[in-house]
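Notes for the one structure printed next.
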Amino acid sequence: MGFIGSGSIGRTIARLAVGAGHQVVLSNSRGPETLVDTVAELGPRASAATSEEAAAAGGIVVVTVPVSAFPHMPAAPLAGKTVIDTCNYGPERDGHIPELDDKSLTSSELLLRYVPDALLVKAFNNIFFKHLLSLARPAGAADRSYLPIAGDSAPAKAAVTEFIDSIGYGVVDAGTLADGWRQATGTPVWGTPYGPYSNEKGRPVGEDAIRAALANAMR
């Protein structure tokens, strides 16, 4: 697993991945030397590298950066790779982007402009990082939670589903990248089903509840 960006969601996914036996290669915009403590905390299955190296190393690559950083993605090493896009658009942080403001594009479709040969799958953008860590459950658990994913490549979605299953979650297929707005910031499936931020443990959410929340989204 390669990681471009190592903020709260990125580090949480990396922690779950390491716990499930995956190797992780972390990167950020400030250089691998700033990730020494994170790598030490994650243990021997973790290492740090440049963004280009992390992109090249990962069989699956997680992009977890501000939308404003999309133009700086290492496109060449991501070509042909399954790429998980966890990113949410926030004008107050990213500045206003007309195609996202007028909803003519989803943020994943915008990312695809910068990494046109990657196989993008939207995932992990609808859950608080503390809930993501605490709600992981083994396969078959009665209180296993589900996460929505969206993407245009069936093989990429299958790979991401397998990965998400390995770290403790079921998956609901929410459609294509163009359908990704159904899990964007402020939609019914974003955050709310898993409980308030004040409850750091969160609450389990089954498949039917995620499907209902996606269906209730309005653009």
Side-chain angles (χ1 to χ4, degrees), residues 1 3-22 24 26 28 37-38 41-43 45-46 60 62-67 83-90 92-93 106-108 121-151 157 159-175 179-218:
M1 302 289 300
F3 287 77
I4 299 175
S6 298
S8 297
I9 278 285
R11 290 196 306 272
T12 301
I13 298 169
R15 179 177 295 182
L16 292 170
V18 164
H22 300 281
V24 302
L26 303 175
N28 63 18
D37 290 344
T38 300
E41 180 185 343
L42 291 173
R45 290 196 178 99
I60 295 176
V62 179
V63 171
T64 177
V65 299
V67 170
V83 174
I84 298 175
D85 166 22
T86 78
C87 310
N88 285 314
Y89 172 53
E92 69 288 344
R93 177 197 61 198
T106 64
S107 58
S108 291
V121 178
K122 192 76 167 187
F124 298 111
N125 70 305
N126 74 309
I127 187 169
F128 181 41
F129 75 96
K130 291 183 179 179
H131 294 167
L132 179 62
L133 184 63
S134 64
L135 290 173
R137 302 286 190 275
D143 61 346
R144 200 176 216 215
S145 292
Y146 281 70
L147 298 170
I149 68 169
K157 286 203 281 192
V160 172
T161 296
E162 183 179 359
F163 169 67
I164 292 176
D165 177 71
S166 79
I167 65 169
Y169 287 85
V171 164
V172 171
D173 189 333
D179 297 318
W181 65 270
R182 291 186 177 278
Q183 64 198 73
T185 305
T187 59
V189 84
W190 184 79
T192 302
Y194 308 98
Y197 288 178
S198 57
N199 174 10
E200 293 188 0
K201 290 188 178 298
R203 61 183 177 225
V205 184
E207 180 178 3
D208 291 346
I210 295 299
R211 290 192 186 282
L214 290 167
N216 287 332
M218 297 180 66

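By the 6.0 Å contact criterion, CG on Asp37 is open, its count of non-hydrogen atoms from other residues, nucleotides or ligands being 12 or less. Open room surrounds CD on Glu162; 12 or fewer heavy atoms of other groups in view lie less than 6.0 Å from it.
At least one donor-acceptor pair under 3.5 Å links the side chain of Lys157 to the backbone N or O of Gly175.
Summarising the geometry, atom CG belonging to Leu132 is positioned 9.0 Å from atom OH belonging to Tyr194; distances are rounded to the nearest 0.5 Å. Atom-to-atom distance recorded for Asn28:CG and Thr64:OG1 is 11.5 Å, nearest 0.5 angstrom. Here Leu147 contributes atom CG and Thr161 contributes atom OG1; the two are 10.5 Å apart, rounded to the nearest 0.5 Å. Within the model, atoms CG of Leu16 and CG of Leu135 stand 10.5 Å from one another, a figure rounded to the nearest 0.5 Å. Taken from NE2 in His22 to CD1 in Ile167, the straight-line distance is 7.5 Å, to the nearest 0.5 Å.
Of all the heavy atoms in Ala150 and Gly180, the pair that sits closest is CB-CA, 4.2 Å. Across all non-hydrogen atoms, the minimal contact from Tyr169 to Ala136 is OH-N, 3.2 Å.
Within the structure, the salt bridge (Lys or Arg N to Asp or Glu O under 4.0 Å) test picks out the following pairs touching residues 188-200 (sequence neighbours left out): Lys130-Glu200.
Residue Pro148 forms a side-chain contact (heavy atoms from CB on, under 4.5 Å) with just one option from Asn126, Asp173, Val171, and that option is Asn126.
A 4.5 Å side-chain heavy-atom check between Ser107 and Asn88 finds every atom pair outside the cut-off.
The ring-ring contact (aromatic ring centres under 6.0 Å, His included) check on Tyr146 picks up nothing, with sequence neighbours excluded. Residues satisfying the salt bridge (charged side-chain N to carboxylate O under 4.0 Å, His left out) test with Arg203, not counting sequence neighbours, are none. The salt bridge (charged side-chain N to carboxylate O under 4.0 Å, His left out) check on Arg45 picks up nothing, with sequence neighbours excluded.
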For residues 8-15, which side-chain N or O atoms pair as donor and acceptor with protein atoms under 3.5 Å away, sequence neighbours left out?
from, atom 1, to, atom 2, distance (Å)
Arg11, NH1, Ser6, O, 2.9
Thr12, OG1, Ser8, O, 2.7
Arg15, NH2, Glu41, OE2, 2.2

Give the table of side-chain donor-acceptor pairs shorter than 3.5 Å for residues 186-193, with sequence neighbours excluded, one pair per line with atom names and distance.
from, atom 1, to, atom 2, distance (Å)
Thr187, OG1, Arg182, O, 3.2
Thr187, OG1, Ala184, O, 2.7
Trp190, NE1, Asn125, O, 3.3

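Aromatic ring orientation, Phe128 versus Tyr197: parallel (interplanar angle below 30°, classes split at 30° and 60°).
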Take Thr185 and Tyr89 through the test side-chain contact (heavy atoms from CB on, under 4.5 Å) and record every step on the way to the result. CA-CA 8 Å; Thr185 305; Tyr89 172 53; over 6 Å; no
